[in-house]
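A quick write-up on the structure given underneath.
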Amino acid sequence: DGHLGLKGTLLNNCGVIHNEYCRNTEALRDSTRALQLFELVYGKAHPHVAYPLDGLTLVRLHLGELDEALRTAERSLAVRESTFDADHPVLVESLILLGMVQRARGRMVDALRHGERAVAISEAKNNVELAWALGERAETLLAAARPAEAVADAERALTRLDERWSRGP
């Protein structure tokens with residue numbers, strides 16, 4: 001099991017890297033295989049399964065497969081919510097990705113709802129993901145034709161990054 005878990009983690013990492021470099025076929029292949037291994041090792045409802053689901057969400061989003069991206073993003077959040085409290089920081093990544101997918105689908109109200117929840121959790125828990133949550137919410141606000149609010153969030157995200165990095169990595 002340890003070998004398969006490690007192999008799943010490495011495949012997930014490869015999928016993320018391929019996705020960053022727009023190697024869509026390789027990203028989809030590795031992310032899908034990572035999910036299969038994680039499900040085999042941990043079971044379909046284990047919170048570790050959310051990591052390859054997040055990777056698959058990004059791949060599907062980049063491929064324009066928005067229905068599949070929505071399905072994997074929703075499943076990632078559901079898996080995490082079944083294990084953790086509603087305000088646990090581990091939910092933030094799933095919420096951000098779900099917001100990104102909803103924004104791509106043109107569902108700004110839903111995207112903002114997820115973005116606002118991600119920001120609220122990050123602020124309450126002083127989570128390192130706050131800058132990312134603010135940045136993604138800023139993009140959604142801009143897409144929703146709310147530029148003043150988008151700029152405010154983007155500036156807060158930059159301030160947060162500066163604060164985090166002034167203390168060192």
Side-chain angles (χ1 to χ4, degrees), residues 1-137 139-140 164:
D1 282 356
H3 168 75
L4 291 178
L6 177 58
K7 185 173 182 178
T9 298
L10 294 172
L11 280 166
N12 191 56
N13 293 345
C14 287
V16 169
I17 293 165
H18 286 310
N19 192 54
E20 283 293 317
Y21 288 96
C22 298
R23 297 181 188 131
N24 298 328
T25 302
E26 294 89 346
L28 184 59
R29 178 199 63 214
D30 291 347
S31 295
T32 300
R33 186 70 182 125
L35 177 61
Q36 292 167 343
L37 287 174
F38 270 65
E39 288 175 339
L40 179 68
V41 171
Y42 302 110
K44 292 185 180 216
H46 193 281
H48 288 343
V49 171
Y51 295 109
L53 285 168
D54 293 341
L56 269 173
T57 297
L58 285 172
V59 172
R60 298 291 192 189
L61 185 60
H62 289 155
L63 289 170
E65 298 174 358
L66 301 183
D67 291 339
E68 283 298 311
L70 180 62
R71 187 183 64 76
T72 55
E74 287 175 336
R75 182 170 169 219
S76 171
L77 181 60
V79 164
R80 286 180 169 137
E81 285 181 327
S82 72
T83 305
F84 298 100
D85 292 336
D87 64 345
H88 195 284
V90 77
L91 303 180
V92 171
E93 184 170 358
S94 294
L95 289 165
I96 290 170
L97 293 173
L98 195 47
M100 291 168 64
V101 171
Q102 293 291 31
R103 182 175 65 234
R105 295 176 76 230
R107 309 252 342 214
M108 297 309 156
V109 171
D110 292 329
L112 283 170
R113 180 172 45 87
H114 297 302
E116 288 166 4
R117 185 172 170 208
V119 168
I121 292 170
S122 296
E123 287 175 330
K125 303 294 183 177
N126 195 25
N127 189 356
V128 68
E129 306 286 1
L130 180 58
W132 183 25
L134 287 166
E136 287 300 327
R137 187 172 73 179
E139 287 193 38
T140 301
R164 296 293 300 185

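Note that the structure is predicted; figures quoted are calculated from it, not measured. Note that these values count all heavy atoms, side chains included, but never hydrogens, waters or copies made by symmetry. By convention here, the first residue in the shown sequence is residue 1.
The line from CG of Leu91 to CD1 of Ile96 is 11.0 Å long, rounded to the nearest 0.5 Å. Taken to the nearest 0.5 Å, the CD atom of Glu68 stands 12.5 Å off from the CG atom of Leu61. Taking CG of Leu77 as the start and OG1 of Thr72 as the end, the distance is 11.5 Å to the nearest 0.5 Å. Here CG of Leu56 is found 8.0 Å from CZ of Arg71. Values are rounded to the nearest 0.5 Å. His114 NE2 to Gln102 CD: the interatomic distance, rounded to the nearest 0.5 Å, is 5.0 Å. Rounded to the nearest 0.5 Å, atoms OG (Ser31) and CG (Leu58) are 8.5 Å apart.
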Please assess Arg137 against Glu123 for the test salt bridge (Lys or Arg N to Asp or Glu O under 4.0 Å), listing each intermediate value before the final yes or no.
CA-CA 14 Å; Arg137 187 172 73 179; Glu123 287 175 330; 5.6 Å; no
Does the side chain to side chain contact (heavy atoms under 4.5 Å, CB included) test come out yes or no for Asp30 and Asn12, once each step is laid out?
CA-CA 6 Å; Asp30 291 347; Asn12 191 56; over 6 Å; no
Could you go step by step and tell me if Arg113 and Asp110 meet the salt bridge (Lys or Arg N to Asp or Glu O under 4.0 Å) rule?
CA-CA 5 Å; Arg113 180 172 45 87; Asp110 292 329; 3.2 Å; yes
Take Val16 and Val59 through the test side chain to side chain contact (heavy atoms under 4.5 Å, CB included) and record every step on the way to the result.
CA-CA 8 Å; Val16 169; Val59 172; over 6 Å; no
Salt bridge (Lys or Arg N to Asp or Glu O under 4.0 Å) for Lys125 and Asp85? Distances and angles first, verdict last.
CA-CA 12 Å; Lys125 303 294 183 177; Asp85 292 336; over 6 Å; no
Quick one: do Arg80 and Asp54 satisfy side chain to side chain contact (heavy atoms under 4.5 Å, CB included)? Show the steps, please.
CA-CA 11 Å; Arg80 286 180 169 137; Asp54 293 341; 2.9 Å; yes
Determine, stepwise, if the pair Val92 / Val119 fulfils side chain to side chain contact (heavy atoms under 4.5 Å, CB included).
CA-CA 8 Å; Val92 171; Val119 168; over 6 Å; no
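Side-chain contact check for Val49 versus Leu35: some heavy-atom pair is nearer than 4.5 Å. Contact annotation: the side chain of His88 never approaches that of Thr83 to less than 4.5 Å [non-hydrogen atoms, C-beta and beyond]. Inter-residue side-chain proximity for Glu139 and Met100 is flagged as unmet; no heavy-atom pair is nearer than 4.5 Å.
Shortest non-hydrogen contact noted between Gly99 and Ala111 is O-CB, 3.4 Å. Residues Ala86 and Ile121 share a closest heavy-atom pair of O-CD1, 3.6 Å. What you find for Phe38 and Gly8 is that their closest heavy atoms are CE1-C, 3.1 Å. The heavy-atom pair separating Val79 from Ala45 by the smallest distance is CG1-O, 3.6 Å.
Ion pair Arg29/Glu26 not flagged as a salt bridge, since none of the NZ, NE, NH1 or NH2 atoms sits closer than 4.0 Å to an Asp/Glu carboxylate oxygen.
A donor-acceptor pair is defined here as one N or O able to donate and one able to accept, closer than 3.5 Å; no such pair exists between the side chain of Arg60 and the backbone of Ala73. A distance-only check finds a donor-acceptor pair linking the side chain of Thr57 to the backbone of Leu53 [under 3.5 Å].
Evaluation of the ring-ring contact (aromatic ring centres under 6.0 Å, His included) rule for His46 yields Tyr42, His48 as partners, not counting sequence neighbours.
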